[in-house]
There are 2 protein chains.
Amino acid sequence: MGGMERADAARNRARILEAASRLFAERPPQDVTMDDIAKAAGVGRGTLYRRYPDRASIAVALLDEHERALQERLLRGDPPLGPGAPPAARLAAFYAAMVELLEDHRHLVLGTEVGRSRFETGAYGFWRAHVRALIVAAGAPDPDALVEPLLAPLAPDVYGRQREALGLTPERITAALTRLAALLA
Amino acid sequence: MGGMERADAARNRARILEAASRLFAERPPQDVTMDDIAKAAGVGRGTLYRRYPDRASIAVALLDEHERALQERLLRGDPPLGPGAPPAARLAAFYAAMVELLEDHRHLVLGTEVGRSRFETGAYGFWRAHVRALIVAAGAPDPDALVEPLLAPLAPDVYGRQREALGLTPERITAALTRLAALLA
DNA sequence: CGCTTAAGCGGACATCGTGTCCACCTATTG
DNA sequence: CAATAGGTGGACACGATGTCCGCTTAAGCG
């Protein structure tokens with residue numbers, strides 16, 4: 001961000017992310033303590049806290065690149081994900097892409113801390129703006145009130161429950177969301 | 001449940017619930033510690049933990065009666081909330097009733113701990129079964145995959161965000177959910 | 001009534017996770 | 001190679017959790 005990053009700092013950042021990724025994968029994220037991550041990364045607590053004040057911020061950092069890739073496709077990719085298709089089709093494509101993302105990084109995304117903190121990430125703001133624009137394009141009334149209900153099914157805990165407790169496949173989940181997207185038709 | 005409840009036990013239970021209700025109302029639930037509740041209720045930690053192993057179970061106990069009242073109306077009340085109306089209308093009525101419930105007990109319902117624990121309450125199972133039955137009655141395919149997306153907008157954190165961060169009124173939220181309910185038409 | 005008994009009570013305690021702070025260390029620059 | 005800004009790591013203080021056990025008291029019985 002600011003000036004240059006020192007070599008040792010960069011190396012430690014990489015170590016931290018790598019260690020966190022491994023730990024999050026092997027057991028429930030809320031059972032991974034900041035101390036565990038510091039230990040596994042071979043750095044001290046102070047070093048860890050310097051960059052990442054809590055678990056959520058680590059998960060966000062890990063997800064960052066994947067989310068950016070999807071954001072790029074939404075803005076400039078081919079239809080129906082990118083511009084050009086009718087709103088309902090674009091929403092359905094967005095749902096499908098999000099299911100893919102959730103599926104690929106399920107453990108990570110669950111580490112992004114349930115609760116309000118989820119709404120504060122830049123990524124959430126982006127998804128929200130995107131869906132809101134689709135609602136406007138579809139000419140539906142009161143987009144601000146409709147956007148959260150359309151986004152809610154993508155909440156990590158809801159997705160996780162459908163996959164685990166209910167045993168649904170990503171395909172069935174996507175199909176159901178596609179029917180939801182038909183609201184904009 | 002089991003045998004008889006001793007008089008002092010009953011009195012303490014009442015004190016605990018009353019104190020918790022007050023504390024949850026006056027500040028964010030996650031800032032209320034078990035210790036605070038014990039202090040405010042004038043009982044020891046041990047007494048508190050005997051009945052309620054965590055905050056969530058206290059919130060659940062407090063909500064219990066209100067939820068039961070709504071469940072009763074769903075099963076045996078007048079249409080469109082109760083049986084007799086078409087599925088889409090009943091779902092819209094259910095949404096409206098849930099918004100009312102969430103609004104009346106917002107602080108409590110947020111205390112019911114975000115995250116998976118929410119799915120484990122008996123009340124959630126009931127809402128789920130109800131909505132699922134409406135989907136079936138409407139003849140929509142794969143009710144098991146559609147039910148969670150239709151229920152997700154009622155998640156306490158989603159509702160709380162719409163009310164607080166976005167400043168939506170309960171009326172606008174209900175209106176948007178009514179449009180969602182139209183899926184079953 | 002008084003006695004017995006078992007349920008209930010409450011607070012001290014051990015444990016754990018968090019976040020901060022500061023003395024030391026090391027890349028980087030001129 | 002010296003100066004220094006920034007980075008490092010672990011000790012520490014704090015606060016919350018959940019358990020344990022000696023004491024108290026309600027309820028049943030002779």
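Residue numbers start from 1 in every chain, and the chains themselves are labelled A, B, ... in the order their sequence lines are given, proteins ahead of strands. What you see below is based on every heavy atom in this structure, not just the backbone, and it leaves out hydrogens, waters and symmetry mates.
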Roughly, in whole Å, what's the span from [atom1] in [X] to [atom2] in [N]?
X: A:Arg50; N: C:dC21; atom1: CZ; atom2: C1'; answer: 12 Å
X: B:Ile37; N: C:dC9; atom1: CD1; atom2: P; answer: 16 Å
X: B:Tyr49; N: C:dG8; atom1: OH; atom2: C1'; answer: 18 Å
X: B:Gln30; N: D:dT17; atom1: CD; atom2: C1'; answer: 17 Å
X: A:Lys39; N: D:dG9; atom1: NZ; atom2: P; answer: 12 Å

Report yes if a side-chain nitrogen or oxygen of [X] is closer than 4.0 Å to either non-bridging phosphate oxygen (OP1 or OP2) of [N]; otherwise report no.
X: A:Arg45; N: D:dA13; result: no
X: B:Arg55; N: D:dT17; result: yes
X: A:Asn12; N: D:dT8; result: yes
X: A:Arg51; N: D:dT8; result: yes

Check your understanding: On a plain distance test, is the side chain of B:Arg6 in donor-acceptor contact with the base of D:dA27 below 3.5 Å?
Key -> no
Review point. Just checking B:Thr47: base, sugar-phosphate only, or nothing, at a heavy-atom cut-off of under 4.0 Å?
Key: base
Check your understanding: If you find the nucleotide of DNA chain C closest to A:Asp8 and the one closest to A:Gly46, which residue's nucleotide is nearer the 5' end?
Key -> A:Gly46
Point to revise | CA sep, side-chain torsions, deciding dist, call: B:Phe24, B:Leu62, side-chain contact (heavy atoms from CB on, under 4.5 Å) | key: CA-CA 11 Å; B:Phe24 282 163; B:Leu62 285 169; 4.3 Å; yes
**Study point:** Heavy-atom pair with the smallest gap, counting every atom of A:Arg90 and A:Leu81
**Key:** NH2-O, 3.1 Å
Revision key, fill the gap. In short, A:Leu183 meets A:Leu150 closest at the heavy-atom pair CD1-CD2, 4.3 Å
**Study point:** Closest-nucleotide ordering on DNA chain D, the 5'-leading residue of B:Val32 and B:Ala7
**Key:** B:Val32
Point to revise | B:Arg11 vs B:Met34, nearer the 5' end of DNA chain D by closest nucleotide | key: B:Met34
Exercise for review: Say whether, by atom type as modelled, one donor and one acceptor occur between the side chain of A:Arg163 and the main chain of A:Arg106 under 3.5 angstrom.
Suggested key: no
